[in-house]
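Here's the structure, in structure tokens; my notes come after.
Numbered from 1 within each chain, the chains take letters A, B, ... in sequence-line order.
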Amino acid sequence: MGNTERKGILEDLTLRGLLQDSTDQTALQERLEQGPITLYCGFDPTADSLHLGHLVPLLTLRRFQDAGHRPIALAGGATGMVGDPSGRSEERNLLDQNELSSNVAAVAAQLESFLSFDAESKKKGIAALLVDNREWTAEVNVLDFLRDVGKHVTVGTMLSKESVKTRLSSEQGLSFTEFSYMLLQANDFFELHKNYECEMQIGGSDQWGNITAGIDMIRRRSSAIAYGLTVPLVTRSDGAKFGKTSEGTLWLDSKRTLPYELHQYLINVDDRDVEKLLLQLTLIPVSEISELMVDHRKSPEDRRAQQRLATEVCRLVHGDEEAEQALLATQGLFGSEPTSEDSLEALRGIVPETEVRASELKQGEESLIDVLVLSGLCSSRGDARRTIAAGGISVNGDRQAEDAVSLPNDLLLNGDYVLIQKGKKNRHLLVIV
RNA sequence: GGGUCGGUGCCCGAGUGGCCAAAGGGAACGGGCUGUAAACCCGUCGGCGUAUGCCUUCGGAGGUUCAAAUCCUCCCCGGCCCA
């Protein structure tokens with residue numbers, strides 16, 4: 001990692017469309033040229049896994065490290081207790097201590113997998129650091145907090161933040177708890193600056209207000225200059241929320257979202273979005289992406305860009321092996337339908353599955369409907385009937401008649417696995433036990 | 001604390017005694033076309049199910065009525081204004 005990379009990071013981020021807001025860019029550029037900078041990004045453990053949307057800031061942290069800077073990933077055990085109002089239209093539900101602690105552990109493990117802590121980076125002084133803001137927040141008492149932290153911030157400043165303004169003018173309002181969130185985050189930055197020489201904070205664009213609050217606090221309390229930078233929120237051209245499917249959020253945890261599902265989601269990305277996503281969600285060099293896009297536009301139907309995006313993101317999140325598996329699954333499922341026992345068995349662990357006891361499948365009765373509901377493919381028996389009637393259900397590749405209610409008898413006699421398909425893209429494996 | 005407006009299905013939002021499982025839009029889901037696209041077209045979209053049927057739902061609890069999301073009482077939550 002030479003000086004060149006350190007300098008070029010801002011330019012790279014700009015080319016990738018990852019620079020939403022930042023403090024004085026010239027000053028920041030100069031600072032980056034001087035030598036490695038320590039920067040941090042916080043992730044609140046609102047669930048036991050990060051999701052696809054978190055990937056952008058997290059990878060940005062990684063990009064900085066790759067460019068020769070030192071990243072700190074912060075798991076917000078303390079801030080998670082309070083709830084960040086930024087980018088939210090409603091008050092959050094508070095999490096209890098136990099839940100929070102297990103979430104912190106899970107999130108921390110994920111953060112860890114994206115950054116490098118090894119000896120080599122240690123030698124360069126840019127080994128990543130993982131912290132939990134409970135370390136310095138848990139013990140602080142209210143009076144000290146109000147005096148040491150609250151004293152340095154005026155309510156006017158707090159009120160002028162976009163996140164607060166939005167919520168104040170909404171019907172929902174804003175509790176004092178969430179209003180105070182900004183102070184906690186500002187204090188985090190201050191503490192990291194004091195103890196780890198952290199000079200910069202990055203985050204999603206909704207974090208801008210919180211970040212500048214921290215910068216102000218550092219200036220007031222330490223008379224030091226700190227920097228801030230935000231990355232854009234990922235959006236989709238069709239207006240849908242990025243990273244959400246009908247089944248819910250796309251998680252980074254393979255237990256919550258199978259690599260295959262993640263892969264599928266990315267394969268299906270709109271042409272209009274694919275270049276942006278390649279730039280923002282992968283570490284592929286910008287020039288290579290340009291070439292890939294030229295290639296892609298020659299024959300968009302081949303989805304070369306989407307293919308690359310899917311494997312690349314899967315690789316980052318789950319590793320080479322899982323990415324390979326997801327790819328194979330995709331090819332297998334969307335080539336010819338697998339119906340042999342072996343090929344069905346190969347789908348285990350790739351496609352969502354449900355165990356069903358053979359005795360539970362009332363042969364000749366409504367076993368198909370039962371199974372559709374059981375697998376979660378349909379939300380109710382009525383929904384199942386409607387979907388079948390609309391021609392939306394296939395069993396082992398055979399579309400079912402519109403009045404079908406039970407699984408074909410012969411399938412139950414010989415197989416251990418049954419592949420149920422809803423629509424073109426939803427597959428579920430029944431494991432008969 | 002006072003006044004006032006509001007809380008409707010996943011979201012927005014109409015409805016202000018029966019014709020309301022509740023308009024309209026969005027999202028979502030299935031089908032068609034296609035590139036496992038987009039756009040577009042068709043269908044569905046509380047549950048049971050197929051019955052001019054029953055059950056559950058319009059912030060919560062009671063009440064009036066043959067009949068309530070709609071009226072009354074109390075309570076909870078939020079906005080705005082006043083104190």
Side-chain angles (χ1 to χ4, degrees), chain A residues 85 88-94 164-179 235-250 260-278 293 295-311 314 326-338 350-351 365-366 368-370 372-373 375-395 397 399-406 419-428:
Chain A
R88 280 221 135 209
S89 57
E90 286 179 14
E91 187 84 8
R92 286 173 196 269
N93 294 322
L94 293 175
V164 172
K165 275 201 271 187
T166 314
R167 279 284 288 279
L168 280 181
S169 60
S170 80
E171 284 186 5
Q172 293 286 331
L174 176 69
S175 70
F176 181 73
T177 307
E178 289 197 7
F179 180 58
T235 53
R236 284 181 22 165
S237 301
D238 62 10
K241 224 177 191 174
F242 179 76
K244 299 269 186 191
T245 66
S246 55
E247 268 77 59
T249 308
L250 285 161
Y260 161 75
E261 295 173 285
L262 178 65
H263 194 271
Q264 274 300 298
Y265 181 82
L266 295 165
I267 283 284
N268 279 304
V269 157
D270 197 300
D271 285 351
R272 290 172 293 177
D273 297 325
V274 71
E275 180 170 22
K276 185 184 73 194
L277 292 175
L278 278 165
M293 288 312 295
D295 201 27
H296 174 80
R297 288 195 189 96
K298 280 185 207 149
S299 54
E301 65 277 15
D302 289 337
R303 303 179 163 262
R304 285 198 202 96
Q306 281 90 340
Q307 303 271 7
R308 185 70 195 277
L309 174 69
T311 36
C314 274
L327 179 64
L328 286 176
T330 294
Q331 287 167 346
L333 287 172
F334 289 95
S336 56
E337 283 298 335
I350 293 168
V351 169
E365 293 182 50
E366 302 188 330
L368 180 57
I369 290 174
D370 291 339
L372 284 169
V373 176
S375 64
L377 242 26
C378 294
S379 62
S380 68
R381 320 188 86 244
D383 182 28
R385 282 174 206 277
R386 278 183 230 114
T387 308
I388 296 169
I393 299 296
S394 298
V395 175
R399 185 175 291 204
Q400 299 300 293
E402 57 186 54
D403 57 351
V405 290
S406 55
L419 182 69
I420 309 279
Q421 198 180 330
K422 178 190 162 212
K424 289 174 198 154
K425 296 169 190 171
N426 304 298
R427 288 172 172 78
H428 202 99

Worksheet, complete the sentence: Closest to the side chain of Asp270(A), out of U36(B), G35(B), A38(B), is A38(B)
Fill in: Watson-Crick or G-U counterpart of A38(B), or none if no pair lies under 3.5 Å
none
Fill in: Results of side-chain contact (heavy atoms from CB on, under 4.5 Å) for Asp383(A) - residues two or more places apart only
Cys378(A), Ser379(A), Ser380(A), Arg386(A), Thr387(A)
Detail all sub-3.5 Å separations between protein N/O atoms and N/O atoms belonging to nucleotides 52-55 of chain B.
none

Response to the item:
Minimal heavy-atom distance between Ile393(A) and Leu372(A), with the atoms involved, is CD1-CD2, 3.6 Å
Worksheet, complete the sentence: Winner on side-chain proximity to Arg303(A), out of U36(B), C29(B), A37(B), is A37(B)
Response to the item:
Applying side-chain contact (heavy atoms from CB on, under 4.5 Å) to Ser394(A) and not counting sequence neighbours gives Arg399(A), Gln421(A)
Can you give me the N/O atom pairs linking the protein to nucleotides 43-48 of chain B at distances under 3.5 Å, or say none if there are none?
| unit_1 | atom_1 | unit_2 | atom_2 | d |
| --- | --- | --- | --- | --- |
| G47(B) | OP1 | Ser380(A) | OG | 2.9 |
| G47(B) | OP2 | Arg386(A) | NH2 | 3.2 |
| C48(B) | OP1 | Arg381(A) | N | 2.5 |
| C48(B) | OP1 | Gly382(A) | N | 3.2 |
| C48(B) | OP2 | Gly382(A) | N | 2.9 |

Worksheet item: If we call it a pair only when both distances are under 3.5 Å in a Watson-Crick or G-U wobble match, what pairs with G6(B)?
Response: C77(B)
Discussion item. Need one value for Arg399(A): base, sugar-phosphate or nothing, where a base atom within 4.0 Å counts as base even if backbone is also close, heavy atoms only.
Written reply: sugar-phosphate
Worksheet item: Which listed nucleotide (U36(B), A38(B), G30(B)) is nearest to the side chain of Lys422(A)?
Response: G30(B)
Worksheet item: What residues, two or more places apart in sequence or in another chain, satisfy side chain to side chain donor-acceptor pair (under 3.5 Å) together with Arg385(A)?
Response: Glu366(A)
Discussion item. Determine whether a donor-acceptor pair (N or O, by modelled atom type, separation under 3.5 Å) exists between the side chain of Arg427(A) and the backbone of Val351(A).
Written reply: no
Worksheet entry | Contacts of His428(A) that satisfy side chain to side chain donor-acceptor pair (under 3.5 Å) - sequence neighbours left out | Thr354(A)
Discussion item. Is it the case that the base of U36(B) and the side chain of Gln306(A) share a donor-acceptor contact (distance under 3.5 Å, atom types as modelled)?
Written reply: no
Worksheet entry | RNA chain B: 5'-proximal contact among Thr387(A) and Asp271(A) (nearest heavy atom) | Thr387(A)
